[in-house]
Structures are given as structure tokens and as C-alpha cells.
Amino acid sequence: MLKFLDARARRAFFLVPFACFATAAISPADAADVVNIYSYRQPDLIQPMLDAFTAETGIETQIIFAEKGLEERIRAEGTNSPADVILTVDISRLAAAKDVGVTQPVNDAAVTVNIAPQYRDGDGHWFGLTMRSRVVFASRDRVPEDTITYEELADPKWKGRICTRSGQHVYNIGLFASMIAHHGQEWAETWLRGVKDNLAVKPTGNDRAQAKAVFAGQCDIALGNTYYVALMRTNEKEPEQKEWADSIKVLFPNAGDRGSHVNISGMALAANAPHRDDALKLMAFLASDAAQKLYAETNHEYPVKAGVPVSEMVASFGQLKPDPLALSEIAKNRRIASELVDRVGYNDGPSS
Ligand SMILES: [Fe+2]
């Protein structure tokens, strides 16, 4: 039988294949003082926060981790679903969880008080826990500029000099959706065509691969999330990543006007939530000073709670001025953003 990761297996990287889901039979009454977490976030990233929660409250947590299919699983389980809390990254995925009906509203002040309105759903279906900014990785050697805007990425001065991952990746969809929210669809389409024309190569690889491409001289600027710079600079297992990260500087786009695009990792209360009270305690804890500090230190993300300091490494990038646009506005535009990516042939690369 498929089991939740228990205390002994917690630190193991555990991928649950979707095929197992249909046959899993976990009784919601398996344990009284436990919160069952369905997570798209890797267990080792969230375990320090969960350990701190258990130490403070005595409430155990169990994680099911998967890379996809958790919403389908919760829907299939229906009222028997043991899922209490859903943890995921990106506004697209949080909004999608609400759309398919696997979440329920939370209005508990203990949960909402620490999270500014632009980082949570107006109906209480999802809450941001951490922020990450989508910034420009610029070559230290070949880019003298210390400021940049997203709008400027379509300027011909960058022709043949930009690298990004797939335009359809949720991280880019979030950014493109924010451009639609700020400038309108028509403007955004012209802009995206301009960015595509400036690409050095066909979009490929993940965010770290973009830093590697800058290091290798394939392009001069790239798009990537802030925490990857910190993770590369501190990567002892693959020290070549330190070289990639050291070859770039972080430019916060639009620092001089509206601020840089941010996205979130977040949480939602599952629709069934058999351990609702304990789940709410966990949600409040994850938004508290103690957990927010751990998120900042361990994952190099920006705490969503105001006043909690970022890690020393993240502080070294300079000051983040977040675009105040509500994440729910970005969520509204994500489908149009995806259509624009196809319409301009973004993933076909330059000159196509
Ligand atoms: Fe990521």
C-alpha cells in the first residue's frame, strides 16, 4: 500500500508515481495528531519547517510528494481524501488548484495576518509563503549596464544576446502574464515578438542552464529566479555551478519604476481536510516568523511576511522592490500568456 512518508523516511527523496494513486487506501483516521501534506515541493526543502512545527506543537506531519497529478488524486479520492494541506510553487499552480475545486477557503486571522493581500487569494483559497523574483542574469564581463527593464528586453540592442527557458514554463508564463496585466494583450504580443527576435538560441534547459549559457558566452543576459543564483553559488556537489553563478550579476528589472516581477510558493487547505484544525495550525505556523526565517535561510527565498530578513546571500544581490501587482491578476492572464507564446512562436527561437 502506498504510504505517506513517515518520520523514518522523511529525508528521502520520494517520487510517488501517479499510477499508485488510484490504488492507495489511506484512511483519514490513520492518526489523530497529524497533518497530511500533498506537496509539489521536494520534501527536503520543506522538512526543516515541518520539523520545527512538530517540535512546537507535537503535531506530526506526513508528506506525499509528486511532480504532477496531485489535484487529480485529490479529486479521485473525493470525500475520503486524507489530504489536509497542499504545498506548491507558482501562482499558476495555486490558481489551478482552486479552479479544479480541490481547495477550500480559509479566513483564519492567524493565517491571513502575516500575508499581504496581493500574495493571497481574495477568497482565501491559496496563500503565498515565499516570494521569488524573476530577474535578469547579466554577464559580468559583457554587460556594463547595472539597470534594466522587462520592456527593454525587446529592444534591438539585445539582438542575439538573450537566453531563456521555454516560454511555456510557469515561471515565464507568470512574467508574461504580468506584462499583459500592465500593458494589455496587444502590447504584450508585440513585446514578446521583440524578445523572441532577440533570443540567442531556441529556448531550452532550466534556469540554471541559462546562467551556464551566459558563462559559456552563448548569450549576455538571461531570465532566472533569484534563489537559483544562491543555490548555484553555494553548490558544493556540483562546483562548476559556482562558476556559472559567479559569471553573472543579478539585475532587478524595473527597480526604478514599478518594481520586479515576483511569484510565490504557497499553500492551500485541501477541500476535504480531515484534520482541519491541525492543518490550520500548520498554515499559521508556516506564515509565522519562525518558519519564514527558515524559508529565507534554507531555500534562499524571500519571506512573504514583512520584516523577516532575507539570507545573507540573497541580501548581497541588492534590494528587491517587488512589483505590487496582485498575484490574482497575474493568474487571470496566464491562459492568454500561454496563447501568446504559441502565437509568436516563442519556443521556435530567433529568426523563425
Ligand atoms: Fe524553481
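All ligand and atom numbering here is 1-based and tracks the order in the structure. Keep in mind the model is a prediction, meaning the values are calculated, not measured.
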Salt-bridge contact Asp141-Lys249 (side-chain N to carboxylate O under 4.0 Å): no

Side chains of Gln168 and Asn172, donor plus acceptor under 3.5 Å: no

Gap between atom CG of Asn36 and atom CG of Asn272 - 0.5 Å precision: 10.5 Å

Geometric class of the His261/Tyr150 ring pair [parallel <30°, tilted 30-60°, perpendicular >60°]: perpendicular

Protein N/O/S count near the Fe ion (ligand 1) (criterion: distance under 2.8 Å): 3

Ring centroid separation Tyr227 to Tyr302 under 6.0 Å: no

Salt bridge present between Lys196 and Asp348 (N-O < 4.0 angstrom): no

